[in-house]
Each structure stands twice: as C-alpha cells, then as structure tokens.
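Heads up: the structure comes next, in structure tokens.
All heavy atoms count here, side chains included; hydrogens, waters and symmetry mates do not.
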Amino acid sequence: MSHFATTTSAVVRVADAVGRLAATLDAAGSDDLVRGAITDVDHEGARIAGLSDDDLLRVLSDASDARKGLELIVASASAEVSRRSVRELGYAGLAQRKGVRTATALVQQVTGLARGDATRAARAGEELLSGRNDPRGTIGDAHGEPPSHEVPAWSSRLRRAWTTGRVSQAQFEAIRGGLGDPPLDRYPDLDPDFLPDAWDRAVGILLDEAATWTVEDLRAQARIARDRLDPVGVTLRFEERFAARSFRRWTDEAGQQHARIVFDDDAAAWVDAMLRAALRPRRGPRFVDADERGAPGGESPGNVVADERSNEQLQYDTILAVLRTGANADPSQAFGDRQPGVRIVVNATALVDASDRGRMRVTGVGHYEDGGQAVAPGVVEKYLCDASAVDVLVDGHGRPLDVGRERRLFTRTQRIAIAVRDGGCVFPGCNRPPSECEYHHNDHWWDHHGRTDVDDGVPVCRNCHLRLHNQGWRITRERDALTGDDRYWLHPPPDPTTGESPEPILLRTRSPRRFEAA
C-alpha cells in the first residue's frame with residue numbers, strides 16, 4: 001500500500017463517516033455539519049441531545065471512524081513534514097523556510113496539537129511510512145527506489161489494522177510500543193521464523209481484543225504478550241527498571257511537602273497489594289474464614305464502617321501506617337482483616353529440580369496474579385525460598401478441581417485456579433483483577449442447583465456481579481466435542497422494547513497464558 005493510497009483511503013473513510021453523521025443528524029451536508037460543530041456548539045449539542053440511544057451511539061461510532069481517518073492523515077502528513085525538515089537540509093528545510101525552528105513546532109502551529117501529541121503523531125506516521133508495501137510485499141524508500149527488505153507479517157497486519165480503521169492511532173501505538181520487535185538476536189538457536197510467527201499471532205489476539213480494552217490496558221496486555229515470548233528480556237527489563245528506582249522529596253512555595261517515587265517491579269507489586277488490601281471494602285470482596293469473622297476486630301457488618309476519607313487519603317494513610325509499624329505489624333492495625341500478599345503464577349515446566357529447594361532453578365518467567373505482568377526468574381526464585389506455594393493441578397485443557405455441591409462457596413484453592421484460568425473479571429471492557437472479584441456460579445446455586453466446580457465458575461467484580469443478577473445477564477459454558485476446550489458466553493438480557501434477545505458475547509480470558517510462551 002503506497003503512502004498516497006493510504007492517505008486517500010483515510011480521506012474516503014472520513015468523508016463516509018461525516019456523511020453518515022450528517023444523515024443521522026438530518027444536516028444539510030457534511031460541510032455544514034463540520035462548520036456547525038465548530039461555530040455553533042450549542043445548536044449541535046441540542047440536536048445530539050434529542051437523539052435516541054441507538055442513534056446517539058451510532059453518531060459516536062461514526063465520529064470515531066472519522067477521527068481514526070483524520071488521525072491517519074495527520075500522522076502521515078506530520079511524518080512528511082519531519083522528512084522535509086531534517087537538519088541536513090538546513091535553511092532549505094520546510095520548517096526553516098516557514099520561519100519555525102523544528103518540524104514538531106511547525107506541526108503544532110498548523111494543527112494546534114500539544115507538543116507531545118505532535119511528536120507522537122509524527123512518530124506513528126514514520127512507523128507507517130517505513131512499512132509502505134509495494135505489490136511484492138516489500139519496503140521501498142520515500143523516493144520510489146527499489147524495495148530493500150520484506151515487511152514482517154505481524155507488522156503488516158498491525159499497520160493494515162490502522163489504515164483500514166480497525167484501530168485508532170492510540171491503539172496502534174499501544175500495541176506497537178508494548179510488543180516492540182522480536183528479539184531475534186537473543187535466541188540464535190530458535191528457528192528464525194518462530195518469533196516472527198509468534199509475534200503475528202500475538203498481534204492477532206490483541207487486535208481482536210482492542211475494542212474491549214482501554215488504551216492503557218491494551219498497552220499492558222501487549223507487554224504481557226512480549227514478556228511471554230521473550231523470557232530473557234524480562235530479566236533485562238527488570239534490571240533496567242530496578243536501576244531506575246528513586247525517591248525524591250521537595251517543598252513547594254506554600255510549604256506543602258511532596259514526594260515522587262519510581263518503583264522497581266517487585267516493590268511496586270508489594271505496594272499495590274497493600275493498597276488493594278486497604279481499599280478492598282470499597283473496590284471488591286473480602287474473603288474471610290469463619291474463625292476470622294468472629295474474631296475481635298474481624299469482618300462483620302458493624303466493623304465495616306463508613307469512611308469519609310478519599311481513596312487517595314486512604315492510600316496515603318496506609319503507606320504511613322506501614323512505615324510506622326514496620327513490616328511485621330499486626331495486620332489489623334493497617335489492613336483490617338488480613339495481611340496483603342503478592343501471588344505469583346508459575347508454570348511447573350518453568351521449574352527445574354523443584355523438589356530440592358537447594359538446587360531448584362527457575363528457567364521461565366512468572367506472572368503476578370493481579371494484572372498479569374511478568375516476573376523475572378530471579379525474583380520468582382527469591383520468593384520460592386521464603387514463601388508458601390499452592391499447587392494447582394490441571395488437565396490437558398487447564399481445568400482443575402471439582403467439588404460438586406458439597407460447598408456453597410468456592411474454596412480458596414478453587415478461586416486461585418479460576419484466577420489463573422481467567423485473569424480477572426470476565427465482563428467485556430472490565431479490567432478488575434482477581435483480588436477484586438467475586439466468583440459466580442454459571443448455573444445459579446439456588447435457582448439451577450449449580451455445582452461449585454471450577455468449570456462452572458467465573459470471576460466477576462462486584463459491580464459486574466450485581467449487574468449480572470439485577471439485569472438478568474447469563475453466562476453459559478460450551479464444550480467443544482472434538483477438542484474438549486471450553487468456551488464461555490455472556491447472554492445479554494432481552495431488549496425491553498422489542499423483547500428480542502441480543503446475540504451472545506464470547507468471553508475471552510485475560511490470563512497471560514492465552515499468549516504462547518517461548
């Protein structure tokens with residue numbers, strides 16, 4: 001795909017989307033619509049306020065399509081401005097001829113973008129232009145010279161998703177930046193095609209999931225995919241972030257004390273676990289054993305009192321409590337019901353001589369249960385020396401532990417197994433981790449005599465769990481007769497106006513294990 005063809009495609013998509021917007025709003029034409037959106041915001045806002053729910057969402061979707069096309073044009077044009085303003089051209093460069101010092105400043109002047117946005121647009125455009133495809137699927141340069149090398153399939157797939165409007169510029173950058181390039185030089189003994197092919201499959205998974213993640217979460221998932229495929233790089237990146245750790249305090253003009261902390265991965269996981277424990281009554285369930293519930297200061301309706309502090313104040317007080325009482329403090333002093341801890345998931349195949357702790361080595365990476373971020377092998381070994389472990393035995397399809405109807409609630413071990421399988425709340429678009437989830441019986445325990453089996457339990461955060469029951473959503477499991485794999489479907493409630501049942505939604509696991517491991 002040439003630069004011209006890419007830009008033309010974006011222009012056509014913008015025109016189409018604006019045309020649909022105009023039709024939906026009964027505007028006289030796309031030009032009038034655009035001018036009205038700029039010069040008569042109150043009038044346009046009133047028209048939008050009068051739309052039905054479906055039309056409102058359709059307008060938002062069409063506007064998003066138009067924006068994706070415009071972002072593509074701005075990125076391509078910004079990259080071209082940068083190319084025509086390189087330092088080697090001196091005063092003959094485009095920016096200098098227009099009386100501006102840099103290409104970024106010129107783009108800012110023309111577009112009104114912030115400096116960071118202009119820089120990102122140019123960088124994304126350069127990434128796109130560096131992968132222009134000729135009919136033979138190879139890369140040529142900006143002057144139409146012969147192609148120099150083949151475009152990797154994963155890179156072509158990602159660029160094509162942006163140029164066709166499947167993802168936005170921000171989503172493109174999140175996947176591209178999170179994944180990086182296959183580190184072929186680190187694994188000289190591998191088949192040269194293994195990592196590029198695995199990268200291509202990871203890009204496919206991320207593109208399928210892009211619509212259900214925020215940009216920030218999508219970037220995090222791309223990093224998880226990269227870490228699954230590059231275990232050597234996990235240690236290198238951990239060491240880089242460890243070396244960058246820092247703490248700085250300063251006083252502002254009003255005398256207010258401030259601090260800035262840059263965490264290494266291990267410390268960040270511990271702080272995150274402590275803060276989640278402090279915020280658990282607000283954000284998620286508090287799983288407490290019967291003996292804890294009756295203990296002084298334990299969990300009971302009378303002990304969970306209204307707290308007027310903001311989340312930020314509560315987190316601040318928690319950190320100060322930890323600093324004051326020390327690492328061995330009574331958990332009830334700072335956390336209410338239980339000591340927070342970090343849970344790391346490690347495949348048994350990543351452990352060598354696991355039965356002999358003096359000789360045990362970790363050859364693969366682990367993953368934090370909350371969030372799924374990779375844990376370097378050395379850090380996993382450190383925890384295995386002084387932390388307890390829970391064995392989760394699974395069959396060939398990853399299905400562990402069935403206890404039927406002997407118990408009403410899922411056991412601690414079952415909750416761990418379900419968390420390993422699903423990685424957090426299964427509702428589309430929800431990013432709550434396992435520590436903030438409750439565990440739902442697909443076949444309701446009371447209504448449908450459901451079994452407390454891992455196969456028929458899924459993690460859902462409190463908000464999604466209430467919505468599921470209060471609005472009549474259902475989750476069902478379907479087992480493939482040939483492969484034995486399970487698929488879980490979310491069934492929305494019938495439309496209240498038509499009585500029709502919407503199409504079920506295939507639920508996707510958030511577990512890092514959905515990406516293959518090197």
Side-chain angles (χ1 to χ4, degrees), residues 209 212-214 217 273 275-290 292-293 299-301 304 306-307 311 336-338 340 343 369-372 399-405 407-478 486-494 496 501-511:
E209 298 178 354
T212 64
W213 293 109
T214 64
D217 288 335
L275 296 181
R276 288 186 188 279
L279 294 174
R280 188 179 297 114
R282 299 185 179 195
R283 290 182 174 176
R286 306 178 79 176
F287 297 109
V288 183
D289 294 336
E292 293 177 338
R293 187 176 294 109
E299 185 78 359
S300 70
V304 181
D307 194 330
N311 283 351
D337 66 337
R338 63 179 180 182
R343 184 171 290 150
E369 182 185 81
D370 274 8
R399 292 190 292 264
L401 293 175
D402 288 333
V403 298
R405 288 181 57 84
R407 289 176 175 266
R408 167 66 179 86
L409 300 178
F410 290 98
T411 67
R412 170 176 174 268
T413 311
Q414 284 182 306
R415 295 197 299 268
I416 293 174
I418 294 173
V420 169
R421 184 192 68 201
D422 293 327
C425 181
V426 297
F427 254 73
C430 186
N431 63 358
R432 296 296 87 194
S435 65
E436 296 178 22
C437 285
E438 300 170 341
Y439 291 81
H440 170 73
H441 293 77
N442 291 342
D443 293 326
H444 295 174
W445 171 268
W446 183 257
D447 294 339
H448 305 133
H449 301 284
R451 294 167 58 85
T452 307
D453 292 342
V454 169
D455 288 356
D456 293 311
V458 292
V460 284
C461 71
R462 176 163 295 177
N463 178 65
C464 293
H465 203 179
L466 289 172
R467 176 156 49 121
L468 188 149
H469 286 283
N470 292 338
Q471 297 181 356
W473 295 70
R474 292 186 304 110
I475 296 177
T476 61
R477 174 172 59 87
E478 176 185 73
D486 287 335
R487 293 198 298 176
Y488 294 84
W489 296 88
L490 178 65
H491 300 262
S501 297
E503 290 293 320
I505 303 166
L506 177 62
L507 296 177
R508 300 180 182 277
T509 177
R510 293 176 50 201
S511 169

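In this structure, Asn431 and Arg510 have side chains that are in contact, with non-hydrogen atoms separated by less than 4.5 Å. For the pair Tyr439/Ile418, a side-chain contact is recorded, criterion being any heavy-atom separation below 4.5 Å from C-beta on. Within the 4.5 Å cutoff, side-chain heavy atoms of Ser501 are placed close to those of Pro494.
To the nearest 0.5 angstrom, Glu503 atom CD is 12.5 Å from Leu490 atom CG. From Thr509, atom OG1 reaches atom CD of Glu209 across 8.5 Å, with rounding to the nearest 0.5 Å. For the atom pair NE2 (His440) and SG (Cys425), the distance works out to 11.0 Å, reported to the nearest 0.5 Å. Here the straight-line distance linking atom CD of Glu438 with atom SG of Cys464 works out to 10.5 Å at 0.5 Å rounding.
The shortest heavy-atom contact between Gly457 and Asp422 is O-OD2, 4.3 Å. What you find for His491 and Thr476 is that their closest heavy atoms are NE2-OG1, 2.7 Å. Here the closest heavy-atom approach between residue Pro459 and residue Gly424 is recorded as CG-O, 3.2 Å.
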For this session: Applying side chain to side chain contact (heavy atoms under 4.5 Å, CB included), run through Tyr488 and Val458 and close with a yes or a no.
Result: CA-CA 9 Å; Tyr488 294 84; Val458 292; 4.0 Å; yes
Problem set entry | Evaluation steps, side chain to side chain contact (heavy atoms under 4.5 Å, CB included), between Ile416 and Glu369 | CA-CA 9 Å; Ile416 293 174; Glu369 182 185 81; 4.3 Å; yes
For this session: Before giving the answer on side chain to side chain contact (heavy atoms under 4.5 Å, CB included), spell out for Phe427 and Leu468 the whole-Å C-alpha distance, their side-chain angles and the decisive distance to 0.1 Å.
Result: CA-CA 9 Å; Phe427 254 73; Leu468 188 149; 3.7 Å; yes
Exercise. Yes or no on side chain to side chain contact (heavy atoms under 4.5 Å, CB included) for Leu507 and Trp489, after CA distance, side-chain angles and deciding distance?
Worked result: CA-CA 6 Å; Leu507 296 177; Trp489 296 88; over 6 Å; no
